[in-house]
Amino acid sequence: MGRQKKQVVMKEPIRLREQVLKNGNRSLYLDIYHNGKRTYKFLKLYLVPETDTPSKCNTPRFSTSGWGWLR
């Protein structure tokens, strides 16, 4: 039996992460690691939990048929 090859681990220099805010919403941001330095880019996109009727009505629904948005 020969030596086993090392598995190649794909590095991810950019990751999409989320942060839970005090009001329960989740903020999306990019975690960027480049040239030994870590930076963050906040996207100003927020995921709102559907706990009441107004938030359910304002949340766009993604259609499973096609690429259109449904309301």
Side-chain angles (χ1 to χ4, degrees):
M1 294 196 74
R3 275 182 26 178
Q4 297 226 350
K5 292 184 180 180
K6 292 183 182 178
Q7 288 187 356
V8 177
V9 177
M10 296 297 293
K11 294 186 178 181
E12 297 177 358
I14 300 175
R15 288 184 179 219
L16 178 64
R17 296 189 182 252
E18 63 183 31
Q19 179 179 11
V20 180
L21 303 176
K22 289 182 181 178
N23 61 1
N25 296 349
R26 295 179 184 262
S27 172
L28 298 178
Y29 66 94
L30 296 176
D31 183 6
I32 304 166
Y33 186 75
H34 183 67
N35 291 335
K37 294 187 178 182
R38 184 173 307 277
T39 57
Y40 303 103
K41 174 72 177 174
F42 290 92
L43 302 175
K44 296 183 182 176
L45 296 174
Y46 303 99
L47 302 176
V48 180
E50 296 180 353
T51 56
D52 56 353
T53 304
S55 65
K56 287 181 183 180
C57 293
N58 291 332
T59 303
R61 303 251 183 252
F62 191 70
S63 171
T64 56
S65 60
W67 291 97
W69 288 93
L70 297 177
R71 281 223 178 245

* Structure fact -> Sorted by chain and number, sequence neighbours left out, side chain to side chain donor-acceptor pair (under 3.5 Å) with D31 holds for R17, R38
* Asked: What residues form a side chain to side chain donor-acceptor pair (under 3.5 Å) with Q19, not counting sequence neighbours?
  -> none
* Structure fact -> By ring-ring contact (aromatic ring centres under 6.0 Å, His included), Y46 pairs with (sequence neighbours left out) none
* To do: Tell me, please, which residues at least two apart from N35 pass side chain to side chain contact (heavy atoms under 4.5 Å, CB included).
  => none
* Which hydrophobic side chains are connected to F42, either touching it within the sub-4.5 Å cutoff or through other members that do? -> Y29, Y40
* Tell me who clusters with L30, hydrophobic residues only, linked when side chains sit under 4.5 Å apart either directly or through other members. => I14, L16, L28, I32, L43, L45, L47
